[in-house]
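Remarks on the structure that follows.
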Amino acid sequence: MNLDKQQASTTKAGPSFQIPLSVLDVSPIVQGGTVAESLQNTLDLAQHAERWQYNRYWLAEHHNSPSIASSATSVVIGHVAGGTKSIRVGAGGIMLPNHAPLVIAEQFGTLDALYPGRIDLGLGRAPGTDQLTAAALRGVRGTNGGNFPEQLEQLRAFMDPSRAEVAMAVRAIPGEGAQVPIWLLGSSDFSAMLAAELGLPFAFAGHFSPTYTVPAMNLYRNNFKPSDILGEPYGMVAVNVIAADTDEEATYLATSMQQLFLSFIRNKPGPLPAPVRNMDELWTTQEKYALQQQLGSSIVGGPETVKEKLGAYIEATGANEIMVAAHIYDHAARLRSYEIIAGL
């Protein structure tokens, strides 16, 4: 599927930036909330994002996490696509080593048949969880990400048998002939280089790997080889953006994200906590530094602050598109954050 025409016709939220803005969601489970409420909030946010002209709405695969309800990612994508009309909906991403490529071809072939022209498939090679949970997911297949390029080619052949070196003994139905763009996702240089070699679009996880964002994007652009899929490199970067009507309110809302990542550092994960007024009462100096390494690219503030910092971030990364992540406890505040960003 040639993506150049699609990329040229994307809608643009945030007119001052002149590039598309999209949404990255994990259907956050908040303290005191339920999975059912999280999934309903996801659909509500997607419907608002569509009205605000965001380009895509992607769900991420994670497992064994008390704060994430998007584990069955393909199912949640169907939930969102079924409740919206025009916004592109996809995976950001499916962790391919956790699955047989045939299953993913069938799932996304089905989604494409139900919602033609609206489904994206972003693929990662990380487990999206701890090693014990990864082993439970993968069973006896024993994949560990090392054969990701081979899995990728198998998946692409199921969706387009003309890519196979020999006739496919098994067909993906649905899946075969599906017009689903495949993106490679990364948080280091591996997938950046693979996407460049294959001429595929690339999305970088800048929201939790800020140090490698610019090097990975440069590596992708400098080594890109045009393909029948894409004539020029197309790079998207995910970044945490928390906007509110004032800098002070945004800083307060951002403490939920900081507490969540603090729980990961302490290996005591839990639901997304309510914001607090003073993080210095919760973290040590070392923990604060560790969080800065993970969340250093986060953009937090009122409209003018976010506009300035997001503009600088786009310039620094050279991104063709920005995917906004926002761990915000209160659903109304989360909606407001995305509304502010769309209006900048």
Side-chain angles (χ1 to χ4, degrees), residues 1-4 6-7 22 24 56 58 60-62 73 90-105 108 119-129 134 138 141-165 172 175 178-239 317-323:
M1 178 182 182
N2 189 290
L3 296 187
D4 288 320
Q6 176 202 312
Q7 310 300 3
S22 294
L24 178 62
R56 309 174 201 275
W58 279 10
E61 177 188 347
H62 293 274
T73 315
I94 291 292
M95 301 297 105
L96 191 55
N98 294 341
H99 310 277
L102 175 61
V103 172
I104 300 304
F108 279 80
I119 302 300
D120 295 327
L121 175 53
L123 298 170
R125 68 187 185 101
T129 187
R138 299 169 185 179
R141 290 187 298 112
T143 56
N144 61 10
N147 65 337
F148 178 76
E150 291 78 11
Q151 280 192 301
L152 173 62
E153 285 310 307
Q154 187 179 25
L155 171 59
R156 297 179 77 191
F158 277 129
M159 301 181 83
D160 179 6
S162 68
R163 298 186 56 84
E165 294 182 1
Q179 298 296 298
V180 178
I182 290 178
W183 293 65
L184 294 194
L185 314 183
S187 58
S188 62
D189 59 358
F190 181 92
S191 289
M193 194 64 194
L194 184 60
E197 287 286 334
L198 298 177
L200 293 175
F202 176 61
F204 190 83
H207 58 307
F208 66 79
S209 185
T211 303
Y212 299 102
T213 303
V214 172
M217 293 295 286
N218 288 339
L219 183 70
Y220 169 65
R221 282 190 294 266
N222 293 338
N223 292 278
F224 183 84
K225 297 179 180 178
S227 69
D228 58 345
I229 302 296
L230 202 58
E232 297 180 350
Y234 193 92
M236 179 163 59
V237 178
V239 61
T317 61
N320 301 99
E321 187 167 343
I322 289 290
M323 184 155 271

May I ask you to test the Arg221-Asn218 pair for a side-chain heavy-atom distance under 4.5 Å? yes

Do the side chain of Glu232 and the main chain of Phe224 share a donor and acceptor less than 3.5 angstrom apart? no

Supply the atom-to-atom distance Ile104 CD1 to Met159 CE, rounded to the nearest 0.5 angstrom. 10.0 Å

Going through the distances and angles, do Val180 and Asp120 end up as a side chain to side chain contact (heavy atoms under 4.5 Å, CB included)? CA-CA 6 Å; Val180 178; Asp120 295 327; 5.8 Å; no

Among residues at least two apart in sequence or on other chains, which ones pass side-chain contact (heavy atoms from CB on, under 4.5 Å) with Asp189? Leu219

Going through the checks in order, is the side chain to side chain contact (heavy atoms under 4.5 Å, CB included) test met by Arg156 and Leu123? CA-CA 11 Å; Arg156 297 179 77 191; Leu123 298 170; over 6 Å; no

Kindly give the heavy-atom pair with the smallest separation between Ser162 and Asp160, and that separation in Å. OG-OD1, 2.6 Å

Might you point out which heavy atoms bring Ala216 and Ala192 nearest each other, and give the distance in Å? O-CB, 3.6 Å

Closest approach of Met217 and Thr317, non-hydrogen atoms and distance? CB-O, 3.9 Å

Got a second to check how far Leu198's CG is from Ser227's OG, nearest 0.5 Å? 8.0 Å

CD/Glu153 to CZ/Phe148 distance, rounded to the nearest 0.5 angstrom? 10.0 Å

Would you say that Leu185 contacts Trp58 through its side chain, given a criterion of any heavy-atom pair below 4.5 Å between the two side chains? yes

Heavy-atom pair with the smallest gap, counting every atom of Phe208 and Ser187: CE1-CB, 3.8 Å

Say you draw a straight line from CG of Asp228 to CZ of Arg163; how long is it, rounded to the nearest 0.5 Å? 6.5 Å

By side-chain hydrogen bond (donor to acceptor under 3.5 Å, both in side chains), Ser191 pairs with (sequence neighbours left out) none

Going through the checks in order, is the side chain to side chain contact (heavy atoms under 4.5 Å, CB included) test met by Arg125 and Leu194? CA-CA 12 Å; Arg125 68 187 185 101; Leu194 184 60; over 6 Å; no

How would you list all residue pairs meeting side chain to side chain donor-acceptor pair (under 3.5 Å) that involve residues 196-215, not counting sequence neighbours? Glu197-Lys225

Donor-acceptor pair, distance only, cut-off 3.5 Å: does the side chain of Glu61 make one with the backbone of Thr73? no

Minimum heavy-atom distance between Leu24 and Ala60, given as atom pair plus value: CD1-CB, 4.4 Å

Using the rule ring-ring contact (aromatic ring centres under 6.0 Å, His included), only one of Phe202, Phe204, Phe190 pairs with Tyr220; which is it? Phe202

At their closest point, which heavy atom of Leu152 faces which heavy atom of Ile182, and how far apart are they? CD1-CG2, 4.2 Å

Hey, does Met236 have a side-chain heavy atom less than 4.5 Å from the side chain of Pro201? no

